[in-house]
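First comes the structure, then the notes that go with it.
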There are 2 protein chains.
Amino acid sequence: MTFDALGTDPDDGRPSARGRSDWAYERLHAAIRDSALEPGQRVMETEVSAWLKVSRTPVREAMHRLLAEGLLEPALTGGLQVSFYDLRAISEFYATRERLEGAAAALAAEHADPTERRILSAMLEAMRALPADPRAHARENQAFHEQIYGAAHNRFLLRSLRALLNFVPLLGRTTYHAPDRITEADREHTEVVEAILARDPRRAEEAARAHIRHAYNSRVRVVMEDVRTTAERRSHEKPVLGPLGHASQRT
Amino acid sequence: MTFDALGTDPDDGRPSARGRSDWAYERLHAAIRDSALEPGQRVMETEVSAWLKVSRTPVREAMHRLLAEGLLEPALTGGLQVSFYDLRAISEFYATRERLEGAAAALAAEHADPTERRILSAMLEAMRALPADPRAHARENQAFHEQIYGAAHNRFLLRSLRALLNFVPLLGRTTYHAPDRITEADREHTEVVEAILARDPRRAEEAARAHIRHAYNSRVRVVMEDVRTTAERRSHEKPVLGPLGHASQRT
DNA sequence: GACAATACTTATGTATACAAGTGTATATTG
DNA sequence: CAATATACACTTGTATACATAAGTATTGTC
């Protein structure tokens, strides 16, 4: 039913032969990211198979990957559904991310080689030259953070961070939609990079953690606004987010 | 060839109908854990399928899970192989684990409820009553750490830690094979629990991190011993571990 | 005798057919 | 009218058949 409305997206024609599985994964991931599939909605192999016009086998593998990454979860009725999340989950997410990003920055300060340090500085300048488009900044921001992860030279930390960031698509709009977030982020990024260039792990860690704490605040603002908007638009349906009364886990 | 030697393991008869996939996963996981499949060895779907006497479909899913968890990795020739690791990987593993365990302990100190605190104390005493068997201690130790993870009440941190610890089976024997490690671990565990009971996040974090640092030292000792033993036993084959010259990433 | 091209083998990716379990709806009986 | 039992439909799990790509070996030609 809902799948019909998703369209066929003719730009992204079915791949020649190799990668139907990856392709199905991308399509589902995009559908969740764009809220075409809403949290709690059941996702069935047969339906997706019909939608994407591929057999159940690659669809199955794609859904299992999404299950492992937490974007899908087992439904009470059996089968899988798009994961629910609430403000508590967002709080937990950022608490964990703060630790991991802090660790990455500290290790980058210790282990980044000269080339990696130069690239970090360059990316900083490149971001300043960017237009005020939230999407462009979000993309460059991701590349910037990936650069730090790489400079940390720790494969396990990299894996953990990648797995963690898979959850981001569920959160909706980027934090760069919050007012002044772009300017703030630039200042915070600068402090992180300066600490890394100065080979000061403690300062790098604290700067990175502060950066994530601020991102969390912006995130909450953006999400709360979305909740309000959604509640207004359909006042008698149940809101996407759960009850807001839970104590935040942040320190 | 190697799969014939693994036997049929009649205790664990093939499951009724549901769960061949999980069962295949367990069998492969156990095979890697017990070094029946050595690092670098190629693992083919058809072979495993014939070995376990199930079709390729559940084997495929099991292998994909192991790939996602890092126990298998893409082979240069195509297909999958048991992941290689070296002392550098072990160093990176413990560096990341130190951060995550520290975070879990700190959050547990803040968020553990009275029941969880009581259970932590009880587990501590239970471990003291255990015989000096490394395997028994390893098992209880795992439950103890899981209890801390749960008490942290952070689903993302829990996921990260679980994913990280999936790598442990590749490391071989437990660190409890190192002399005096059982006594040391008890002392370190006690400090962690005391800090959690005292609701002191900083002390809990530092105690947990110190605990992991010590575990790392024991791990290196155990692995080095294994390297020596292996090298003696088959002096003209290539050792399981790579060259040891890499700088450690530890702080 | 050596090098290149072609064919065959092998392993993974994909599709489809089949089985089993669960939930719901309908019909029958008390 | 209500409750229970049976049957059917739906969904996921498993098996097998088929396609494709890659690597190797063999054969033919220079």
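Bear in mind that the values here come from a model prediction, so they are computed numbers and not experimental data. The chains referred to below are lettered A, B, ... by the order of the sequence lines, with proteins before strands, and numbering in each begins at 1.
Between the CG atom of A:Asp22 and the P atom of C:dT12 there is a distance of 16 Å, given to the nearest Å. Distance CD (B:Glu47) to C1' (C:dA11): 11 Å, rounded to an integer number of Å. If you take CH2 of A:Trp23 and P of C:dG13, they are 18 Å apart, rounded to a whole angstrom. Atoms CZ (B:Arg20) and P (D:dG13) sit 13 Å apart, rounded to a whole Å. For the pair A:Lys53 NZ and C:dA15 C1', the interatomic distance rounds to 16 Å; values are reported in whole Å.
In this structure, the nucleotide among D:dT12, C:dT12, D:dA15 sitting nearest to the side chain of B:Ser55 is D:dA15. Considering only side-chain atoms of B:Ser21, the nucleotide from C:dT12, D:dG13, D:dT14 that sits closest is D:dT14.
Between B:Leu80 and A:Leu76, it is B:Leu80 whose nearest contact on DNA chain C lies nearer the 5' terminus.
Side-chain contact between B:Tyr216 and B:Ile90: present, with at least one pair of heavy atoms (C-beta onward) separated by less than 4.5 Å.
With 3.5 Å as the limit, one finds no donor-acceptor pair spanning the side chains of A:Glu225 and A:His177. Under 3.5 Å, the side chains of A:Glu69 and A:Tyr25 contain a donor-acceptor pair of N or O atoms.
A salt bridge does not link B:Glu232 to B:Arg228: none of the charged nitrogens lies less than 4.0 Å from a carboxylate oxygen. Remark: A:Arg139 does not engage A:Asp133 in a salt bridge, criterion side-chain N to carboxylate O under 4.0 Å. Between B:Glu146 and B:Arg162 there is a salt bridge, since at least one side-chain N of the basic residue sits less than 4.0 Å from a carboxylate O of the acidic one.
A:Phe93 and A:Phe167 have tilted rings, their planes meeting at an angle from 30° to 60° on a 0 to 90° scale.
Nearest approach of A:Met127 to A:His137, heavy atoms of both residues: O-CE1, 3.5 Å. Residue B:Leu28 comes nearest to B:Trp51 through the heavy atom pair CD2-CZ3, 4.2 Å, listed as atom of the first residue, atom of the second, then distance.
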Could you pull out the protein-nucleic contacts involving nucleotides 6-10 of chain D (nitrogen or oxygen on both sides, under 3.5 Å)?
none

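Interface residues of residues 56-69 of chain A facing DNA chain D, ordered by number: A:Arg56, A:Arg60; criterion, heavy-atom separation under 4.0 Å.
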